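All values reported here derive from a predicted model rather than from experimental measurement. Here is the naming used below: chain letters follow the sequence lines, and residue numbers restart at 1 for every chain.
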Amino acid sequence: MAIEFGYTISKPRAIDIDRNNLRKSDEILREMPELQTCIGCGSCTAVCTAGNLTSFNFRRVHTLVRRGEYRGAYEEMNKCMLCGKCRLVCPRGINTRGVVLLLKRKLGDF
Amino acid sequence: MKKVIVIGGGAAGMQAALRLRARGVEPLVVERETETGGKLRGWHVLFPSFTPAGELLSELRRRVRESGIEVLTGATVTAIAPRRVTLSDGRCLACDAVVLATGFTLFDARIKEEYGYGIYDNVVTSADLERMFAQGRVAKADGTAPRRIAFLHCVGSRDEKVCQQHCSRVCCITGVKQAMELRRMFPAADVFNFYMDMRMFGPGYEELYREAQQRCNIHFVRGRISEASPTIDGRLQIKAEDTLTGRPLRMSVDMLVLLVGMRANDDNAALAASAGLARSASGFMAPRDLFLGRVSAPVEGIFYAGTVTAPKTLGETLDEATAAADAAAEYLKA
Amino acid sequence: MARRASWNEYQKQIADDRYYYGRSCIRQNFFPGSEKAFIDILHNDLGRDLLDDPKHSSCTGIGYHSDIVPLETIMTVVARQFSLMNEAGYENFVTSCITSFGVYTEVLATWAEFPETEERTREYLMKATGREFRKPASMAHTSDVMFHFREAIAAKARYRLVNAQTGEPLKVVEHIGCHYAKIFPKSGIGGSEFPYVLAGMVESWGGECVDYPERRHCCGFGFRNYLVQANRGYSIANSHKKLESMAPYKPDFIVANCPGCAMFLDKWQYTIAEMEGTTYGDNGRGIPVLTYEEMAGLVLGYDPWALGMQMHQVDVEPLLDKMGIEYDPAAKYLGANGKYIGKPGAALVNNCAADSVYNIKE
Amino acid sequence: MSFFAPFCLPFMIGAAVMFVLLAWKWGSWLWRLPEADKRLVAKGIFTRATPEAVWETVRESLLHRRIFRIDPLLGYMHMSLAFGWFLLISVGWIETVAYLGLRYVPLQGHVFFKYFATGLPHKPAFDFVMDLLLLLVLSGVALAWFKRLRSRALGMRRTTRHVAGDRVALSALWFIFPARLAAESITCALYGGGSFLTGGLGAWLAAHVGVMPLMTAETVAWWFYSSCLGIFFVALPFSRYMHIFTEIPLIFLRRYRLRSGEKQSSYDHFQVEACSRCGICIDPCQLQSVLKIDTVQSVYFLRDRRYGMLRREVADNCLLCGRCAEKCPVGIDLNTLRVNSRDALRNVPDERRYDYFQGLDRSSGEGRVGYFAGCMTLLTPRTMQSMERIFEAAGERVWWADREGGVCCGRPLKLAGETDSARRMMRYNTELFRKHGITTLVTSCPICLRVFREDYALEGIEVLHHSEYILRLIREGRLPLGRTTERLAYHDPCELGRGSGIYEAPRAVIEAVGELVEPAHTREEALCCGSSLANTAIDDGQQVALARNVAEELDATGAGAIVTACPLCKKALGRGTATEVRDLSEVVAARIRPAAGRATK
């Protein structure tokens with residue numbers, strides 16, 4: 001019987017690449033290698049129609065996914081309205097709408 | 001014929017001597033080592049074109065040899081003056097002008113002991129890696145192939161903690177180049193580059209960076225590694241912040257490559273003192289003017305070529321050597 | 001070994017004799033035999049002069065690091081300790097607590113960098129107590145002193161840090177308090193990255209240090225992180241991370257040189273076991289945690305119960321057995337006067353069956 | 001007369017299999033039609049729609065009028081095969097009647113009448129007509145063979161790469177008529193009869209070949225002819241030739257106003273299987289002509305969908321520009337089928353999505369006229385600014401729906417196949433429009449326009465593209481403009497032109513302010529800018545390549561500026577040319593005569 005101490009061991013916030021399963025992230029990068037060219041400028045997030053209304057941050061979510069942090073990413077990606085403004089501003093020419101659909105497909109288990 | 005002593009027989013020194021000879025001046029190259037070439041001897045291929053460094057080195061050496069330029073090797077300079085150079089063995093060489101092309105010193109990665117260079121196996125510097133490439137054999141200390149490799153940019157650059165405020169310019173692109181070479185050598189390996197900024201200022205650099213990302217699938221993580229520690233299976237655990245996600249990040253790697261920066265030579269101080277020259281805050285020689293006198297020392301008759309004044313790429317170094325030689329020749333004409 | 005070369009770059013002067021001793025506020029509660037053992041070892045085994053001054057007070061470091069005591073106050077308190085030391089005719093200050101050591105080092109460094117703060121402190125001290133002070137000739141932590149005499153202790157050792165059965169060196173996790181050298185790397189032996197103060201003792205006495213990934217990580221004490229219950233999950237997470245990281249190396253014991261670290265690495269093992277059922281040592285037990293004085297005491301043949309080791313959360317008997325130390329199991333809970341001092345309930349961390357665990361609320 | 005010989009068997013079996021399969025397919029498709037569609041059929045069947053459908057069937061299924069429009073030779077090829085064969089069958093039928101009177105003759109009796117009729121007296125007129133029709137069909141076959149070698153001569157740069165099943169059916173079809181020629185000629189050689197073709201060939205054979213070899217050859221030839229027919233009939237329901245029969249019900253159902261929608265339905269089968277894989281859709285596809293992608297065109301999409309092997313990469317890789325649908329001889333609604341395929345592949349009904357829409361209203365201003373800029377227009381602020389000036393000059397009070405950011409119109413999601421999510425946006429925006437009580441909704445984005453018109457329930461609100469709205473202002477004299485001689489090249493946005501049928505309004509507006517010039521491909525044939533939201537598969541470089549290609553044509557007009565009426569086209573074209581690209585509203589706003597503008601206030 002576990003004792004109640006009034007607190008629990010905090011879960012680490014660190015991204016642990018060793019523990020994360022990178023299989024999906026590898027698959028995603030294989031299908032969309034250009035996603036690796038993101039330089040984190042944040043243009044996509046700055047123009048984002050959904051980001052204007054919510055805390056949705058496309059750049060952060062896909063960066064986390066590339067590091068194998070999938071939790072919550074699908075739900076976040078579902079905030080995207082696919083309007084395509086991000087694709088028009090990406091200085092690296094990343095097919096961001098394709099990325100959204102790819103992430104939703106890979107992470108939504110459908 | 002007027003005589004100019006070129007101190008340093010690396011890329012800058014050789015190029016300056018060649019230009020002086022072309023301008024009808026008699027150069028004498030004084031080299032501390034037993035052969036010419038300087039740092040160029042230690043590189044495998046050159047960014048961003050992957051040109052073998054040996055090609056450039058042998059071409060420069062061939063030109064120097066064919067021009068009949070006199071090279072004094074194994075000679076360390078202790079003091080300079082516009083018309084006199086003093087060697088450590090006490091000899092004084094007379095001349096009409098001096099071109100200082102003594103280059104730089106590689107940052108000693110052991111000073112950043114948290115990265116474990118010299119302490120753990122499989123922590124190597126970018127210079128070590130060039131040597132391994134040149135020998136054609138890159139492997140972990142136990143001889144096996146690395147499966148995950150991390151590069152750390154800015155080791156000994158832009159770091160107040162080791163009194164190196166300046167940017168060494170070449171490490172970013174070197175990191176990209178070496179990451180690509182490793183990825184080609186070990187296609188199954190994951191390569192991570194930890195950077196503070198990616199400074200892709202040169203022609204073809206950004207293109208190479210992009211290729212490294214897209215074609216080679218090299219992971220670029222913005223964040224500086226804080227420390228490396230050994231794991232039970234002989235790997236290294238590294239920690240950093242993935243600043244673009246705002247989360248700490250850790251992982252174990254088989255090999256950690258430290259991209260060591262350029263440091264001012266320790267003897268710059270003595271040379272500067274001997275001739276009354278000024279040094280910049282970073283310890284490199286300060287040129288007469290940052291715009292109109294980039295290759296001239298504040299003292300008439302002393303000229304600078306290459307990385308003695310600041311970190312530079314090889315291309316920039318060679319251009320500057322030409323400019324320094326021209327300036328020296330003009331000075332002698334006057 | 002070549003790779004250890006860098007450890008030698010950080011050396012410091014440690015006085016050889018005549019120490020003025022500053023006690024820790026909390027150690028007597030958790031490791032009550034340790035400070036006594038230090039005094040005994042210095043007096044009896046090494047024949048050194050050490051003054052345990054009853055007038056010495058708390059350095060107020062806990063208050064300082066919890067944002068309760070201001071900088072001016074703590075400087076004045078520190079100045080008073082120095083004044084007491086001057087008064088007693090000593091000039092080598094040694095302190096038992098890592099927090100205190102950090103405070104003294106920080107105050108001295110501040111005075112060196114900003115002399116006006118020293119001047120102000122002198123005024124405050126004069127106003128408050130009418131005292132004056134001289135700065136100590138040397139400032140050391142007691143683990144520095146123990147390190148200093150490690151070979152002398154090794155020469156007198158009755159036991160060594162080896163497995164009595166197999167003759168193999170014991171695997172030791174050494175943990176250095178953050179404030180020992182992380183604030184001023186030059187203030188500690190071996191610096192902050194590869195501190196050598198405990199490792200040197202372990203090696204001299206026959207043991208072997210474990211170099212595990214989270215070696216430098218904080219135990220989680222962190223003052224406010226522990227003192228505020230809402231933050232305790234964060235505090236324990238730090239110890240948890242260290243224990244997870246060291247466990248694969250199967251260490252025989254942990255040794256620490258900081259009051260808080262020894263306490264947390266010991267007590268959190270109990271908490272983690274009760275929360276999650278996880279233990280990290282042999283046979284489902286916890287990993288024994290020693291102070292360096294206890295370690296030295298054991299090596300010199302002191303009775304474990306005289307060293308206060310019955311007060312540990314994780315039972316030390318398996319370690320004593322491993323080292324081949326003779327002890328009286330029946331005397332564990334008998335005090336110095338032979339009277340029964342009471343006994344803690346059974347705990348998972350000491351491999352007691354789950355159903356025998358008492359409910360702490362009852 | 002028994003009308004049976006052993007060689008008839010392959011034909012009889014083949015025909016039986018084909019008719020059973022056809023009946024089963026049509027039956028199940030019709031049976032599974034949604035109730036609403038069935039009601040439409042019931043309503044339409046006794047109206048003008050039916051005779052119109054019959055006429056269209058003749059026009060398109062037999063005469064192939066639409067293919068004639070693409071290329072006369074190609075049209076003749078298809079017509080000679082379809083109409084020729086149809087006449088062979090029907091005249092053959094009449095021939096049988098003429099010979100035998102009105103009596104029951106089994107199917108093979110009609111088809112192999114020449115074989116069975118050897119004992120009857122000849123009717124040379126019929127022999128002549130039948131030979132003439134056979135020659136007509138044979139000329140079509142010859143052209144088809146020739147097209148395999150040189151498709152360009154028949155107006156097609158590229159032809160379809162066929163699957164194995166189609167090749168079998170195709171080979172069988174090509175051999176049917178030469179085999180018939182051979183069989184009938186040999187019979188003529190042995191028994192006389194025939195006209196200039198079979199009779200002539202028969203006479204030549206009789207003169208050169210002995211009777212015994214001819215007897216053997218006759219058996220072989222009729223067997224071969226029957227087998228070709230049998231194989232073709234068995235292969236037909238499984239191959240591209242299913243279109244022969246499917247196009248007929250499709251024409252009827254279309255006349256009864258059945259349409260494909262964003263969800264797949266049974267009606268789609270008629271559209272999908274009506275595709276003849278002629279490959280006419282390949283040439284207009286810019287993915288093919290510019291990017292050399294040749295696996296995703298409508299012909300391949302429909303083929304893959306029909307055989308259940310549609311991959312996401314094929315479904316997604318389409319600009320939905322509609323250039324192929326413009327050309328499709330069967331008139332298949334290619335874009336809608338593509339969208340509902342994407343829906344089948346991707347749509348996830350998740351009611352919790354987009355919950356954040358609740359209580360968002362960042363609109364501003366008041367007025368009966370609402371202006372919806374759309375997401376993309378927020379990246380072309382000149383358009384917004386110009387619209388503001390136009391509204392001001394016309395003295396219009398405007399409600400700005402999304403100047404500070406709003407919810408997307410939903411079309412991008414719909415085009416990607418997430419149709420249920422798109423509906424949530426549509427509901428949200430509809431409520432927003434209703435709440436502010438507008439009577440006119442103006443948008444400068446054709447993507448939004450199309451979804452407003454097609455998918456939103458906006459009864460009582462007139463939806464106008466800004467080109468239409470501006471034209472109305474001009475015609476009503478509310479927008480005094482100064483005309484210049486500046487030459488302006490107009491680019492038709494896909495969603496505005498082919499998508500919404502708006503070609504004239506923007507042109508009229510341009511002519512009001514400058515001189516309109518047109519690129520080589522214009523109106524229905526206009527090229528897509530390449531940045532279509534419908535395509536999530538091509539990369540940035542490919543988008544630029546498409547944009548350059550389009551811009552080249554626009555630049556070739558020598559116009560001073562390129563004008564378009566879509567923010568996305570504007571952004572895309574700007575990447576392909578150095579010429580200035582302006583939105584329609586910009587060229588208008590720049591020509592407003594200021595004094596007059598103020599006067600209306």
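Judged by distance alone, the side chains of D:Asp343 and D:Gln264 never bring a donor and an acceptor atom under 3.5 Å apart. For the 3.5 Å distance criterion, the side chains of D:Tyr371 and D:Ser444 qualify, holding a donor opposite an acceptor. Residues D:Thr419 and D:Lys263 have side chains that bring a donor and an acceptor to within less than 3.5 angstrom of each other.
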Apply side-chain contact (heavy atoms from CB on, under 4.5 Å) to D:Met384 and D:Thr377, showing your working.
CA-CA 7 Å; D:Met384 292 265 268; D:Thr377 308; 3.8 Å; yes
Before giving the answer on side-chain contact (heavy atoms from CB on, under 4.5 Å), spell out for A:Leu53 and A:Met81 the whole-Å C-alpha distance, their side-chain angles and the decisive distance to 0.1 Å.
CA-CA 11 Å; A:Leu53 307 171; A:Met81 302 193 229; 3.8 Å; yes
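Per-residue heavy-atom pair counts under 4.5 Å with chain D were compared for A:Lys85, A:Met32, A:Glu34, and the maximum is reached by A:Lys85. Highest contact tally toward chain D, considering only A:Val100, A:Leu102, A:Asn78, A:Asn52, is held by A:Asn78 [criterion: heavy-atom pairs under 4.5 Å]. When each of A:Cys80, A:Cys83, A:Gly98, A:Ala50 is checked for heavy-atom pairs under 4.5 Å with chain D, A:Cys83 comes out on top. Of all the listed residues (D:Arg575, D:Arg362, D:Met425, D:Arg352), the one sharing the greatest number of non-hydrogen pairs under 4.5 Å with chain A is D:Arg362. When D:Leu378, D:Ile538, D:Asp355, D:Asn535 are compared by the number of non-hydrogen pairs under 4.5 Å with chain A, D:Ile538 comes out ahead. Each of D:Arg424, D:Arg411, D:Met376, D:Glu404 has some count of heavy-atom pairs under 4.5 Å with chain A, and the biggest count is that of D:Met376.
Contacts of D:Val407 with chain A are made by both backbone and side-chain atoms, with heavy-atom separations under 4.5 Å. If you measure heavy-atom distances from D:Leu568 to chain A, the contacts under 4.5 Å come from the side chain alone. For chain A, the nearby parts of D:Leu533 are the backbone and the side chain; heavy atoms of each come within less than 4.5 Å. With a 4.5 Å cut-off on non-hydrogen atoms, D:Ala422 does not touch chain A at all. When heavy atoms are compared at a cutoff of 4.5 Å, A:Arg87 approaches chain D solely by way of its side chain, counted from C-beta outward. Heavy atoms closer than 4.5 Å to chain D are found in the side chain of A:Val89, but not in its backbone.
Using a 30° and 60° split on the angle between ring planes, D:Phe357 and D:Tyr354 fall in the parallel class, below 30°.
Open room surrounds CZ on D:Arg382; 12 or fewer heavy atoms of other groups in view lie less than 6.0 Å from it.
The pair D:Arg423-D:Asp455 counts as a salt bridge, with a side-chain nitrogen and a carboxylate oxygen less than 4.0 angstrom apart.
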